[in-house]
Amino acid sequence: MSDVRVRFAPSPTGHLHIGGARTAIYNWAFARHGGGTFILRVDDTDPERSTPENTAAILRAMRWLGLDWDEGPEVGGDRGPYFQAQRAASYAQALETLKASDAAYPCFCSAERLEAARERARAEGGYAGYPRTCRSLDPAEARRRADAGEPHTWRLKVPEGRGDIVFDDAVRGELTFSAASLDDFVLVRSDGTPTYNFASVVDDAGMGITHVIRGDDHLSNTPRQILVFEALGSPIPVFAHLSMILGADGKRLSKRHGATSVEQFRDEGILAEALVNYLALLGWSLDDRTTIFTRDELVANFTLERVGRNPAVFDPEKLEWLDGVYIREMPAADLVDRMVPWLEAAGLLASGEAEQRRPWLEELAPLVSERMKRLEELVPMVRFLFESRVSVEEAARAKVLEKEGAGRSLDAAAGALAAVSSWEASAIEESLRRVPEALGLKPKAVFQAVRVAVSGTTVSLPLFESLALIGKERTLERLGAARPMAAE
RNA sequence: GGCCCGUUCGUCUAGCGGUUAGGACACCGCCCUCUCAAGGCGGAGAUCACGGGUUCGAAUCCCGUACGGGCUACCA
């Protein structure tokens, strides 16, 4: 057990997003790799936009992905609470610390006035941050006004003469920010709640976080946060900033680009292990050639050194390919477990029916596994195996059944199949293989006629295996039903 | 405006001074074949954003420029 402590701190203002999921995966993998502790903290400081439903959805998505946390909601831990909304006492205490060391001061400037000034300065070409109006207030006077109930925020007093803020980002290397470019930002709002930059640092310090692995969008906040760590007298964690995930148009990934929430991918039939594998690859590589790896392999090999610096475009096609790989490589029994919910939801399987049809389903699994990229594709592919009758697609009828020889093919196939005693794919194939030659037709012509009769379409699962699964009686019924549609 | 970050095939990436710039997805062709897939083999695709340096030698180091992106909130 190492003393590495990392956290993933989502804000429950929405569902778990692809970008957040990747951050979570990296944090999780980093912790597990080094035998450290992975903490989940809910940054719900924004009461307007945070909801319990979102929190629940995020936890669900984390569990679905297989990202288990050692401390956090539902599991507890001795550095909690793990919801920022419940940590007001910590923030108040931290503020007292800063006040005591004169590292923070009250600001009575109104938000409206500040915004107006900001607009003006920017229009004129140069805004250098809060002008520190209240920094020079007489302390006694400031205290008197604050005690009198005058609305005020608390700002960090950026130390006079503080030199450059330099830190070594684990993925970007040494970064330098001039302290002069930082203004005295707000730590505590006039309603008494902490801002993100304050709450986050207080929590990271309080929870003993050693490495902060997070999105690139926080990079510019880092020097501010370092100042807070310093003012608090807390050790500064190692920072690692991950680049954004972009859409195909190079813009930051958003709903416009299609599915972006983890649970949406789940609902579309993407496997958790494939999603984790894919997301891990968006900004990290195991080596120069490995693209497929298990969670354990990810953990065993994950290091911050191999995290890339440049933004990555999310490619749904590659995700699908990877998902297909996972589906194909999954043992039949496992795949059946994944298939059943989809079959039940589609009404193809009654609840409880799955167990008794288990052997049949396990025969089906290898047939579909090499043809689907997502579980979602299962139902349309197998529907004809379940339903009692099929309707023949118009195009299939025109293209296949109305061809000369189709009728004879169906008759001959029916005759041959009727004589099959042991109804299994190999025997079915053997008998059907003899039909084309007897009729002087090409195998393809005969098989396609049978396929259309039995599945209603020109494209289906492999014929002989399908017939085996449909059963002899239903097969013969379908051949007969299609017969009137067929040309001689 | 200011301050930061980024830029290798269409996409994800390997590369950390000397390589025919490697792999994967997608794409194209061939093979296999009862359709569709899967699979096998092969192909095309990157003047390493651009311009200057440093060096015997640069995708790799330095400086500019361009183009993206982030922060600059009493959002996170």
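Convention: sequence-line order gives letters A, B, ...; per-chain numbering from 1.
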Using a 6.0 Å cut-off, check whether atom [atom1] of [X] has over 12 heavy atoms from anything other than its own residue.
| X | atom1 | value |
| --- | --- | --- |
| A/Arg309 | CZ | no |
| A/Arg113 | CZ | no |
| A/Lys442 | NZ | no |

When rounded to the nearest Å, what value does the distance between [atom1] atoms of [N] and [M] take?
| N | M | atom1 | value |
| --- | --- | --- | --- |
| B/C71 | B/C62 | P | 26 Å |
| B/C9 | B/G45 | P | 14 Å |
| B/A38 | B/A76 | P | 47 Å |
| B/C25 | B/U47 | C1' | 25 Å |
| B/A44 | B/A49 | P | 23 Å |
| B/A46 | B/G68 | P | 24 Å |
| B/U35 | B/A24 | P | 28 Å |
| B/G70 | B/C30 | C1' | 48 Å |

Suppose we define a pair by two distances each less than 3.5 Å, Watson-Crick or G-U wobble; what does [N] pair with here?
| N | value |
| --- | --- |
| B/U54 | none |
| B/C71 | B/G2 |
| B/U65 | B/A49 |
| B/C32 | none |
| B/A24 | B/U11 |

Describe the nucleic acid contact of [X] in one word from base, sugar-phosphate, nothing, applying a heavy-atom distance below 4.0 Å.
| X | answer |
| --- | --- |
| A/Ala111 | base |
| A/Ser11 | sugar-phosphate |
| A/Glu465 | base |
| A/Gly283 | sugar-phosphate |
| A/Pro443 | nothing |
| A/Phe464 | base |
| A/Thr457 | nothing |
| A/His218 | base |
| A/Pro462 | base |
| A/Arg289 | sugar-phosphate |

Quick one, [X] and [Y] - any side-chain contact, counting heavy atoms below 4.5 Å?
| X | Y | value |
| --- | --- | --- |
| A/Phe108 | A/Thr133 | no |
| A/Val42 | A/Tyr82 | no |
| A/Asn277 | A/Tyr326 | yes |

Look at the side chain of [X] and the base of [N], then say whether one donor and one acceptor between them are separated by less than 3.5 Å.
| X | N | answer |
| --- | --- | --- |
| A/Arg451 | B/C34 | yes |
| A/Ser220 | B/G70 | yes |
| A/Lys318 | B/A26 | no |

Less than 4.0 angstrom between a side-chain N/O of [X] and OP1 or OP2 of [N], yes or no?
| X | N | result |
| --- | --- | --- |
| A/Arg224 | B/U72 | no |
| A/Arg155 | B/C74 | yes |
| A/Arg118 | B/C74 | yes |
| A/Arg306 | B/G15 | yes |
| A/Arg433 | B/C34 | yes |
| A/Ser285 | B/A14 | yes |
| A/Arg252 | B/G70 | yes |
| A/Ser190 | B/C74 | no |
| A/Asn310 | B/C5 | no |

[X] side chain: which of [options] is closest?
| X | options | answer |
| --- | --- | --- |
| A/Leu175 | B/A26, B/C5, B/A76 | B/C5 |
| A/Asp217 | B/C5, B/A76, B/A24 | B/A76 |
| A/Glu317 | B/G39, B/A76, B/A26 | B/A26 |
| A/Ala312 | B/C5, B/U13, B/C36 | B/U13 |
| A/Phe177 | B/C5, B/C3, B/A76 | B/C3 |
| A/Arg172 | B/C5, B/A76, B/C12 | B/C5 |
| A/Thr153 | B/U13, B/C74, B/A24 | B/C74 |
| A/Arg309 | B/A26, B/G6, B/A76 | B/G6 |
| A/Lys251 | B/A76, B/C25, B/G69 | B/G69 |

Query raised in the report: Is the shortest distance from a Lys or Arg side-chain nitrogen in A/Glu465 or A/Arg371 to a carboxylate oxygen in the other one below 4.0 Å?
Result: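 Between A/Arg371 and A/Glu465 there is no salt bridge, as every charged N stays at least 4.0 Å from the carboxylate O atoms.
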Query raised in the report: Would you call A/Asp183-A/Arg155 a salt bridge at under 4.0 Å N-O?
Result: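 Salt bridge: no.
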Mind listing the side-chain donor-acceptor pairs of residues 455-462 of chain A below 3.5 Å, one per line with the distance, residues two or more places apart or on another chain?
unit_1	atom_1	unit_2	atom_2	d
A/Ser455	OG	A/Arg451	O	2.8
A/Ser455	OG	A/Thr457	N	3.2
A/Ser455	OG	A/Thr457	O	3.1
A/Ser455	OG	A/Thr457	OG1	3.4
A/Thr457	OG1	A/Val459	O	2.8
A/Ser460	OG	A/Arg451	NH1	2.8

Which protein N or O atoms sit under 3.5 Å from an N or O of nucleotides 29-31 of chain B?
none

**Report entry** Near-ring test A/Tyr26/A/His211, centroid separation under 6.0 angstrom
**Finding:**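 Centroid distance A/His211-A/Tyr26: not below 6.0 Å, so no.
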Requested in this report: Using the closest heavy atom to pick a nucleotide of RNA chain B for each, name whichever of A/Leu463 or A/Gly308 lands nearer the 5' end.
Outcome: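 Looking at the nearest nucleotide for each, A/Gly308 comes out on the 5' side.
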Report task. Map A/Asp287 and A/Val188 onto RNA chain B by nearest heavy atom, then report which one ends up closer to the 5' terminus. Result ->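 Upstream on the strand: A/Asp287.
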Query raised in the report: Okay, side chain of A/Arg478, backbone of A/Ala453: is any donor-acceptor separation there less than 3.5 Å?
Result: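 Not at all, since once roles are kept as given, no pair shorter than 3.5 Å links the two residues.
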Query raised in the report: Is the backbone N or O of A/Leu219 less than 3.5 Å from a side-chain atom of A/Thr222, with the two atoms forming a donor-acceptor pair by type?
Result: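 Side chain of A/Thr222 to backbone of A/Leu219, a donor-acceptor pair under 3.5 Å: yes, one is there.
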Query raised in the report: B/U13 C1' sits how many Å from A/Phe293 CZ, rounded?
Result: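 Atom-to-atom, A/Phe293 to B/U13, this comes out as 12 Å.
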